[in-house]
Number of protein chains: 2
Amino acid sequence: MSAKQILVVEDERPIREMIAFGLRRAGFEVREAADARSGRAEVANKLPDLLLVDWMLPDTSGLEFTRALKRDRETRELPIIMLTARAEEGDKVAGLEGGADDYITKPFSPRELLARINAVLRRAMPAEGTERVDIEGLVLDQSSQRVSSGDRTVALGPTEYRMLAFFMTHPERVYSREQLLDRVWGGNVYVEERTIGVHIRRLRKALEEFGYDRLIQTVRGSGYRFSARPL
Amino acid sequence: MSAKQILVVEDERPIREMIAFGLRRAGFEVREAADARSGRAEVANKLPDLLLVDWMLPDTSGLEFTRALKRDRETRELPIIMLTARAEEGDKVAGLEGGADDYITKPFSPRELLARINAVLRRAMPAEGTERVDIEGLVLDQSSQRVSSGDRTVALGPTEYRMLAFFMTHPERVYSREQLLDRVWGGNVYVEERTIGVHIRRLRKALEEFGYDRLIQTVRGSGYRFSARPL
DNA sequence: ATTCCAGGTGACGGTTTTGTGGCGTGCGCA
DNA sequence: TGCGCACGCCACAAAACCGTCACCTGGAAT
């Protein structure tokens, strides 16, 4: 597994360099940008694996920056961690709403940062060799973000796709609703656990016409399981 | 799987109780301590599965408390989550260096706390080699919460599954109804001992079509035994 | 043989968990 | 600005499961 590339967008140079230093020492490849403009340029230049974005940037707010990236299809899946100072704490919510995958308040320890980075990467990154998964003829292709059967594509919303992708890369195992929230939605979101049932149903319905809805099994009292074996 | 036990060490009573309440509602068993001293006593008394420690305690800093535990061989593996107020944020570094497995800043949402707890517990709980058990072709797979024979799955309700899982991981040994209540239902539940017989029957019936019902043996006057050997 | 009792059985009502359809909202897009 | 898609959530329906009870059974003790 090659080194993950992280782009740090932060205007205060000492901070930026300290972060970069720590990350490099941890084995990441690091690129730096001092403002949103050059940040965008860097992203366009070569897609990093993860973005660290300061909340306050000289030219735009990190929020705007994030929003823009999350809107673009090309960069939508790019994981973003927002850096906020304590004073800006009230905006956390907004930061997440804006689409950041996680945030971290300054000051933070290198260890904390690493923990979050790894968490987010783990979430975002298809585990080794799961770029393409075929289960009983149901085919997940992560690079094109599509799931298909034969030559037909299963119609899925973004959330359904993420959930199905997660399931297909983690079959034969029961996941609680809480775990699903954590792994499919991401750590810092508040969503009713009940809602998961709704998405399960939508996913089942989408798979139904292909005859694959049976793969999503309910484990009463525990959660759900994706399995090729009959219940 | 019986309920995990969590010890909350926090001097501010309302906060402590709120946390305890939330955790209990989430199915944890909770013990409380108001200062480091009684905290230590509680730990010594009976090792909990996880520790929630406030950063500021009347007698010692949470840091010292944690350090001490991490130094002791007996408690080194005990997972610790530190609670810090925002104002103490700068000390995070020290907190983590001190050996806490995670920290969380007040105020926090119950869900966030639960997520961290589960994450830490999951990390701390490496399988005991009972992940997969095969007895005479009857296969228990705990990660998928399923018992199967050949390619067919035994249809079990939650309680039946728990009971069978317990039996398969503790074979060749007689358990009284009371013991079963304790280990399968988990301690503080009021259920008629008579009821166990009913579940035994249900379990036998479920195993019947696979020819495995013979594995559950009645020991008159004592209880039940799961054994591959006939008798 | 008769009695007695632990344990087995089948049925039932209540409770909890999950499935389902629908509604309102927010955001991207035209 | 208006439209349509996703999404989150609610309220209700359906299903699964659980704990008990009343009654049956088989064998051990007398």
Side-chain angles (χ1 to χ4, degrees), chain A residues 63-64 66-77 93-94 96-100 145 147 154-165 174-178 180-181 184-186 188-208 213-214 216-225 231, chain B residues 25-27 111 145 153-164 174-178 180-181 184-186 188-208 213-214 216-225 231:
Chain A
L63 176 61
E64 255 322 304
T66 299
R67 276 232 174 95
L69 286 173
K70 286 295 176 185
R71 224 174 282 133
D72 190 330
R73 187 129 193 292
E74 195 67 27
T75 54
R76 170 159 309 165
E77 293 300 316
V93 185
L96 283 173
E97 305 270 308
Q145 293 199 25
V147 177
V154 182
L156 299 169
T159 305
E160 284 142 50
Y161 168 79
R162 281 203 310 277
M163 191 157 86
L164 182 52
V174 176
Y175 290 94
S176 69
R177 292 171 179 75
E178 199 189 340
L180 288 174
L181 267 186
V184 176
W185 272 253
N188 296 293
V189 202
Y190 182 71
V191 175
E192 291 287 329
E193 291 197 356
R194 215 60 192 38
T195 300
I196 288 188
V198 178
H199 280 277
I200 288 283
R201 169 173 146 280
R202 288 175 181 154
L203 186 47
R204 278 178 172 148
K205 196 150 74 177
L207 290 172
E208 197 172 45
D213 54 311
R214 69 197 159 83
I216 300 177
Q217 302 167 354
T218 302
V219 181
R220 194 162 227 268
S222 296
Y224 297 93
R225 168 181 54 206
L231 188 105
Chain B
R25 219 178 35 157
R111 212 171 80 73
Q145 287 194 31
T153 297
V154 183
L156 300 169
T159 305
E160 284 142 51
Y161 170 80
R162 281 202 309 275
M163 191 157 85
L164 181 52
V174 178
Y175 290 95
S176 70
R177 288 154 231 283
E178 197 188 344
L180 287 175
L181 265 188
V184 176
W185 272 253
N188 309 320
V189 201
Y190 178 68
V191 175
E192 292 286 331
E193 291 199 354
R194 225 57 208 349
T195 301
I196 293 202
V198 178
H199 279 278
I200 289 283
R201 171 177 141 278
R202 288 174 180 155
L203 185 48
R204 277 178 173 147
K205 195 152 77 179
L207 290 172
E208 198 171 40
D213 53 312
R214 67 195 162 84
I216 299 178
Q217 304 167 352
T218 303
V219 181
R220 196 163 233 266
S222 299
Y224 300 92
R225 169 180 50 206
L231 184 69

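Everything numeric here is computed off the predicted structure, so don't read it as measured data. Just so it is clear: chains get the letters A, B, ... in the order the sequence lines come, proteins before strands, and each one is counted from 1. Only heavy atoms go into these numbers, but all of them, side chains included; no hydrogens, no water, no symmetry mates.
Here dC5(D) presents its C1' atom at 13 Å from NE2 of His199(A), a figure rounded to the nearest Å. At whole-Å resolution of the value, CD1 in Ile200(B) and P in dG8(C) are 8 Å apart. As a whole-Å value, the separation of Arg220(B) CZ from dC5(C) P is 11 Å. Rounded to an integer number of Å, the gap from CZ of Arg194(A) to P of dG21(C) is 14 Å. The NZ atom of Lys205(A) sits 14 Å away from the C1' atom of dC7(D) (whole-angstrom rounding). Rounded to a whole Å, the CZ atom of Arg162(A) is 11 Å from the C1' atom of dA6(D). Rounded to an integer number of Å, the gap from CZ of Arg201(A) to P of dG19(C) is 10 Å. The CZ-P distance, from Arg202(A) to dG8(D), rounds to 8 Å in whole Å.
For dC7(D), neither phosphate oxygen OP1 nor OP2 lies less than 4.0 angstrom from any side-chain nitrogen or oxygen of Tyr161(A). Applying the 4.0 Å criterion to OP1 and OP2 of dC7(D), one finds that Thr195(A) has every side-chain N and O outside that range. For Trp185(B) and dC18(D), the shortest distance from a side-chain N or O to OP1 or OP2 is not below 4.0 Å. Contact annotation: Arg177(A) reaches the phosphate of dT18(C) (side-chain N/O to OP1 or OP2, under 4.0 Å).
Residues Arg162(A) and Thr159(A) form a side-chain contact, since some pair of their non-hydrogen atoms from C-beta on lies under 4.5 Å apart. Taking 4.5 Å as the limit, some side-chain heavy atom of Leu231(A) sits within range of a side-chain heavy atom of Arg225(A).
Under the side chain to side chain contact (heavy atoms under 4.5 Å, CB included) test applied with Tyr224(A), the options Val219(A), Leu180(A), Leu203(A) reduce to a single match, Leu180(A). In summary, of the residues considered (Thr195(A), Thr218(A), Ile216(A)), a side chain to side chain contact (heavy atoms under 4.5 Å, CB included) with Ile200(A) occurs for Ile216(A) alone.
Within 4.0 Å (heavy atoms only), Gly157(B) reaches sugar-phosphate atoms of the nucleic acid but no base atom. Here Arg204(B) lies in heavy-atom contact (under 4.0 Å) with sugar-phosphate atoms only. Within 4.0 Å (heavy atoms only), Thr159(B) reaches sugar-phosphate atoms of the nucleic acid but no base atom.
When each of Pro158(A) and Glu160(B) is assigned the nucleotide of DNA chain D bearing its nearest heavy atom, the one mapping closer to the 5' terminus is Pro158(A).
If you check dG8(D), dG8(C), dC9(D) against the side chain of Thr218(B), the one that comes closest is dG8(C).
Interatomic distance, Glu178(A) CD to Trp185(A) CH2, rounded to the nearest 0.5 Å: 13.0 Å.
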